[in-house]
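Letters A, B, ... are given to chains in the order of the sequence lines, protein chains preceding strands, and every chain is numbered from 1.
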Amino acid sequence: MSLIFLNGLMPERHGQFMRELGRVHTLAGTRMGALADNPDVTTIAYYDDRRLQAPAVIQDLESRVAEQTAILATNLATDMGAGIQSPLAGAPLSAREIAEVVRPRVARVLLEELRFRTFVRDHPVAMVISGSDFASHSRVIARTARQLGIRTLDLEHGFFFNRVTGDDCRVRGRMPLLFASEYVVVDNDLEKEQLEYEQTRFPGLDAGQEPRFLSLGTPVDTVATHALPCDQARAKLGLDPERIQVLIGGSWIEARNVQMLLGAQIDIMDTYEDLFRSLAAGTFRHRLQLTIKLHPADCRPEVRPNVTAALEAMASRYGLPHPLILADSLAEAVSACDVLLTMSNSSILYDAFLMGKPTVVLFPRYLVTSDREGWRQDSTMTLRAGVCEVATDGADAWRRIESWLEPERRRQFARDHEAFSHRYGLWDRPVAEKCSAILAWIDQQLADPQAVKSL
Amino acid sequence: MSPTPDNHQETLDQLRAARLAGQLTLALGGVSKALAAPGVHPAVLAEAIRVLILAGKADTAARLRLLLTGAENRTADHDLEPAAVARLALQLGQPELLAGLPAVDSPPWLVRLQADGEDIRAPFAIGDLRVTVVNGPAVYTLVGACPWCGQVRRFELGVTLLVHMSSLCLACFGTFELTWDGLRTFIRARFPDLVDARASAGDVELVEHVRSRLLESDEVPEIVRMLGQEYLFLLNELLVRRLMTEAAPPAGERP
């Protein structure tokens, strides 16, 4: 039995995996949830701030925060001047900017690093398993673990199904994913192939320390479930069984570039409005019923009522009935729909694929990063294989959705779907099967003393 | 907020400050404490009614108004202003209570209401917008003014600007709306450089630069490596703060 540290795994998503792992290993982690009270699982409580309150520790931390803040501020000032055409962009950082923006980030990173190092000094962690270690919530611990020579594994969640390949838009103006762990588990061979290819196009953040990808299966419940037939799902949601059901899967916007902080918000509004306007202008609207599943980020209590009211008001503006707007019931929504529409390369596209549903993506302006005609078709395997389509505007999206309903298109889709599934092993595997595969891999790693490669 | 009769002014000031700052949860807590004490001063009672109206607790506000009307030590100074009475009447669905309200010195929304019976929802007058980033998504802080009386109001919107919300003015009880369409118009007018193709082109150049520095240089400090993609988020946040400041009008033009 070894001590495994769970870094940013979410009990609500990775619960089954965490429980099964806890039956054979001792667990500690940042978000243990009810697992800490499970009598079948041995856990060690992670350290809270009280363990770091010794005056010498605090003094040392504060001095490191001051030093690293200065280093970070210098780097930021240097990089800010690149690309953005404004005299303000390249000016040194002000004391206020440093105090309000830079220092809190540095303090958080160094505190988390200190907390983890202190814990590891007291407890011999054999492996750190992270959730999405390229993101800020788990990156620090994953990276520190690797520096300490602890085995590191990252679990992904079916995010990369519709990813464009490294040849095109990833070459201009995009950052590759900066994984921190030595191994990264993805759901299928398609994702593995995509990420491995991307890795050949970009050097890693730490030369020679690039991650290795394993298609052992992502141990979270996919939304797709054939246990919920379409007619039952429609009845459960109160949808009209006689109408064509179109589901729009909502997206959210991260601060990946300047445009995304402001312009992308406008682009999303424009895209919804274009969809509603063009739907109202045609006759297709009389045959369909529209459901919108909000992204979880939009379902926070303080956000959801305003978003729902906005979408309803927009539909009313164009004389359309209010769509059914859902905060949850994603499994029902995917099962009930005839066609899925998204406004990004959302992971819901993968769930729709597993359920055998055709999909259309309508990218808002901020996600259209190349002027070259057909670039996205050429660089996205799902589009090339015919199991997903990309629309140019709202009217085109409805045309494509309508054409997916033609019998010959559906037959062709079924053939393409089968071939694509077979090529990349895209099957809806039970979570237990994926958990077993990962647990077997972990046991193999823990038994191998040569397995660790520290930074 | 100690609600004894001898320090009612302090309680009143605290309730009013919380109300005008839009801290209605805090104000409601203060109201509960104030009403639990014996001998509530009429001025505190009137302020409690205003808070309850703004919090949408019309029935409780109506009961307190009956108490206020019957209070022994009440003077004309303690009466609710016509705008508060009118808003309460609308919330209770009792338009007959509007009859006899004085039109003099009433806010424009009440004048319109009395003239043609329409409770108009005017668009919120957005004056300024700021962005901060919290672990990925942005938080948008809006400062603007009530379109009826000019009372400054601040809203924080998380994650998305796709919103449609109506709100009561904390001072004049008029209704205004903050909508995605209004936000879109404001942003396009105020920050054109941040929403058009120039911003996209700048982003590409910035990412190209940062990517080559992070991935091809041996001199990247550990703190930057620790941050990973958040380093780029941080750059974007700082840039947007600066560029939005650059695009903002002179301070005198803001509400």
Practice item. Among the options B:M226, B:M165, B:E156, pick out the one with the most heavy-atom pairs lying under 4.5 Å from chain A. Key: B:M226
Check your understanding: Between the main-chain N or O of A:L261 and the side-chain N or O of B:Y140, is there a donor-acceptor pair closer than 3.5 Å?
Key -> yes
Point to revise | Heavy-atom contact with chain B under 4.5 Å, split by part of A:V140 | key: both
Exercise for review: Check each atom of A:E312 against the heavy atoms of chain B and say whether the ones under 4.5 Å are side chain, backbone, both or neither.
Suggested key: neither
Check your understanding: Heavy-atom distance under 4.5 Å to chain B: side chain of A:L311, backbone, both or neither?
Key -> side chain
Point to revise | Distance, nearest 0.5 Å, that separates CG of A:N306 from CH2 of B:W180 | key: 14.5 Å
Check your understanding: Between B:G228, B:S217, B:G158, which shows the greatest number of heavy-atom pairs under 4.5 Å with chain A?
Key -> B:G228
Check your understanding: What residue, out of B:L161, B:L183, B:L227, B:L157, has the most heavy-atom pairs lying under 4.5 Å from chain A?
Key -> B:L161
Exercise for review: Would you mind checking which part of A:Q265 comes under 4.5 Å of any heavy atom in chain B, side chain (CB onward), backbone (N, CA, C, O), both or neither?
Suggested key: side chain
Review point. Just by distance, with hydrogens left out, do B:H209 and A:D79 show a side-chain donor and acceptor under 3.5 Å apart?
Key: yes
Review point. Looking at A:R105 and B:E230, does any basic side-chain N land under 4.0 Å from a carboxylate oxygen?
Key: yes
**Study point:** Which portion of A:A135 sits near chain B, non-hydrogen atoms under 4.5 angstrom
**Key:** both
Revision key, fill the gap. Interatomic distance, CZ@B:R242 vs CE@A:M80, rounded to 0.5 Å, equals 3.5 Å
Check your understanding: Hey, is A:D270 close enough to B:R188 for a salt bridge, meaning N to O under 4.0 Å?
Key -> yes
